[in-house]
Amino acid sequence: MATVLVTGGMGFIGSHTVISLHNNGFDVVIADNLSNSKTEVLNRLETITGKRFKFYKVDCCNKEELRKVFEENDIDSVIHFAGLKAVGESVRMPVEYYSNNINSLLTVVTLMNEFGVKKIVFSSSATVYGESEDVPFTEESPLGTCTNPYGWTKWMLEQVLRDCSVAYPELRVCLLRYFNPVGAHESGLIGEDPRGIPNNLFPYISKVAAGTLEKLTVFGNDYDTPDGTCLRDYIHVCDLADGHVRSLNYLATQSEGVSVFNLGTGKGTSVVEAIKAFEKACGHEIPHVFGPRRAGDIPVCYASTDKAREVLGFEAKRTIEDMCSSCWNWQTKNPQGLPED
């Protein structure tokens with residue numbers, strides 16, 4: 001049984017991917033500093049899978065801490081999620097984002113090289129495509145017009161891994177460019193649990209629907225789209241987790257090099273459509289108002305999913321209705337989020 005190190009494995013996408021890896025026969029080791037997650041996730045994962053995963057509370061920027069993980073486990077491959085991820089926060093805290101996100105990957109790759117680990121799946125983002133309006137985005141779409149420090153870290157780290165694949169010819173890299181992960185596990189035991197006021201649409205809608213927040217402000221309703229609001233490619237986090245497993249299996253068939261895949265649904269959903277779908281899931285109206293456009297937002301952003309379908313055999317199965325109902329299930333079962341450590 002191959003052992004996968006999942007850095008940031010206690011977070012939103014990481015924890016769902018741990019379940020998918022376990023269900024597909026992988027042994028999983030988790031490394032996470034808990035800066036954006038809680039130890040209760042480990043208990044919830046055990047309830048869902050029946051397995052207590054080996055967990056190290058380490059900062060992936062700390063080489064000596066992380067070295068212990070490599071020393072104590074026969075790691076076959078790495079899925080690297082660990083990193084700061086809030087777009088708005090990255091604008092306010094660029095030094096922290098560049099320092100954390102870049103150093104954590106450099107440390108991981110250094111130790112992979114030291115311990116002979118040859119496969120890595122990297123958590124990238126559609127933010128690397130920047131402000132281009134030439135949709136759908138394909139894996140060959142132009143890069144390097146990022147609009148915030150978070151996006152630039154992803155762009156830079158993709159280049160780091162490309163350079164490493166040249167320097168270390170046996171290294172196999174898969175860059176996964178996510179679009180907008182939402183939803184929660186069907187059990188309602190794990191889901192997106194942001195600290196403080198949510199930065200992303202669906203956690204915010206969830207809290208408005210629950211009455212925790214008063215109303216949702218929609219940024220702009222005068223875009224050149226069918227209802228005037230931005231279109232985004234939302235993908236269920238459980239579909240996204242499946243994409244990581246397929247990527248890992250694909251790397252096992254490769255001998256070298258870098259592969260890039262978009263993970264999305266291939267279609268856009270507007271903010272208004274998302275609100276209506278969530279109203280259907282929760283059974284009541286969601287108070288919302290329209291505000292001015294937000295700087296850096298592009299009208300339409302969705303993925304071309306042809307390559308992932310043809311090469312990985314990956315296709316997102318869950319609908320926007322599935323995403324909303326699973327979000328609401330998570331919200332109602334965990335109105336205050338997960339218990340604090």
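Bear in mind that the values here come from a model prediction, so they are computed numbers and not experimental data. If you read the sequence from its start, that first residue is 1, and numbering goes on from there.
Within 6.0 Å of atom CD in Glu140, more than 12 heavy atoms from other residues, nucleotides or ligands are found, so the atom counts as buried in its surroundings. The environment of Trp155 atom CH2 is sparse: at most 12 non-hydrogen atoms of other residues, nucleotides or ligands sit within 6.0 angstrom. At most 12 non-hydrogen atoms from other residues, nucleotides or ligands lie less than 6.0 angstrom from CD of Glu186. Residue-environment remark: CD (Glu310) exceeds the threshold of 12 foreign heavy atoms within 6.0 Å. Other residues, nucleotides and ligands contribute more than 12 heavy atoms inside 6.0 Å of the CD atom of Glu71.
Screening residues 76-113 for ring-ring contact (aromatic ring centres under 6.0 Å, His included), with sequence neighbours left out, gives Phe81-His244. Evaluation of the ring-ring contact (aromatic ring centres under 6.0 Å, His included) test over residues 219-240, restricted to residues two or more places apart or in two chains, returns Phe202-Tyr234. Legend: salt bridge (Lys or Arg N to Asp or Glu O under 4.0 Å) pairs involving residues 318-332, not counting sequence neighbours, sorted by first then second residue: Asp239-Arg318.
The closest donor-acceptor contact from the side chain of Lys38 to the backbone of Leu338 lies under 3.5 Å. Listed for the Arg246 side chain is a donor-acceptor partner under 3.5 Å among the backbone atoms of Gly313. Within the 3.5 Å criterion, the main-chain N or O of Val109 finds no donor-acceptor partner in the side chain of Asn113. Proximity of a side-chain donor or acceptor of Thr47 to a complementary backbone N or O of Asn43 within less than 3.5 Å is detected. One N or O on the side chain of His284 and one on the backbone of Ala209 form a donor-acceptor pair closer than 3.5 Å. At least one donor-acceptor pair closer than 3.5 Å links the side chain of Lys333 to the backbone N or O of Ser187.
Side-chain contact check for Ile320 versus Glu273: every heavy-atom pair is 4.5 Å or farther apart. Using a 4.5 Å heavy-atom cutoff, the side chains of Phe26 and Ser20 are not in contact. Annotation: side chain of Tyr178 is not in contact with side chain of Ile235 (no heavy-atom distance under 4.5 Å). Annotation: side chain of Asn103 is in contact with side chain of Leu106 (closest heavy-atom distance under 4.5 Å).
In this model, a donor atom of one side chain and an acceptor atom of the other lie less than 3.5 Å apart for Ser270 and Asp227. Using modelled atom types, one finds no donor on one side chain facing an acceptor on the other under 3.5 Å when comparing Tyr56 with Asn33.
A salt bridge links Arg293 with Asp222: at least one charged nitrogen is closer than 4.0 Å to a carboxylate oxygen. Asp233 has no carboxylate O lying under 4.0 Å from a charged side-chain N of Lys267, or vice versa, which leaves the two without a salt bridge. A salt bridge links Arg67 with Glu64; the closest basic N to acidic carboxylate O contact falls under 4.0 Å. Under the 4.0 Å criterion applied to side-chain N and carboxylate O atoms, Glu139 and Arg177 are not assigned as salt-bridge partners. For Lys154 and Glu158, the salt-bridge test fails: no basic side-chain N is under 4.0 Å from an acidic carboxylate O.
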Residue pair Phe278, Ser206: steps toward the side chain to side chain contact (heavy atoms under 4.5 Å, CB included) verdict
CA-CA 8 Å; Phe278 211 104; Ser206 296; 3.3 Å; yes

Salt bridge (Lys or Arg N to Asp or Glu O under 4.0 Å), that's the test. Do Glu46 and Lys51 meet it? Break it down for me.
CA-CA 5 Å; Glu46 183 176 11; Lys51 180 178 175 61; over 6 Å; no

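Note that CG of Asp134 and CD1 of Ile298 are 10.5 Å apart. Values are rounded to the nearest 0.5 Å. Rounding to the nearest 0.5 Å places CG of Leu5 at 9.0 Å from CD1 of Ile120. Lys215 contributes atom NZ, which lies 15.0 Å from atom CD1 of Ile205 (distance to the nearest 0.5 angstrom). Expressed to the nearest 0.5 Å, how far CG of Asp59 lies from OG1 of Thr107 amounts to 8.5 Å. With rounding to the nearest 0.5 angstrom, the CD atom of Glu65 is 9.5 Å from the NZ atom of Lys57.
Hydrophobic clustering (side-chain heavy atoms under 4.5 Å, transitive across Ile, Leu, Val, Met, Phe, Trp, Tyr) groups Leu105 together with Val78. Follow the hydrophobic side-chain contacts under 4.5 Å out from Tyr150 and you never reach Tyr129; the two are in separate clusters. Side-chain heavy atoms closer than 4.5 Å link hydrophobic residues (I, L, V, M, F, W, Y) into clusters, and following such links, possibly through other members, connects Leu216 to Trp328.
Partners of Glu192 under the side chain to side chain donor-acceptor pair (under 3.5 Å) rule, at least two apart in sequence or in another chain, are Asn200. Under the salt bridge (Lys or Arg N to Asp or Glu O under 4.0 Å) criterion, Lys276 pairs with no residue at all, not counting sequence neighbours.
Exactly one residue among Leu157, Leu176, Val108, Ile79 makes a side chain to side chain contact (heavy atoms under 4.5 Å, CB included) with Phe122. That residue is Leu157.
Note: Phe12 and His16 meet the aromatic proximity criterion, with ring centroids under 6.0 Å apart.
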Donor-acceptor pairs under 3.5 Å, side chain of residues 299-308 to any protein atom, not counting sequence neighbours: which ones?
| from | atom 1 | to | atom 2 | distance (Å) |
| --- | --- | --- | --- | --- |
| Asp306 | OD1 | Arg309 | NH2 | 2.8 |
| Lys307 | NZ | Val260 | O | 2.9 |

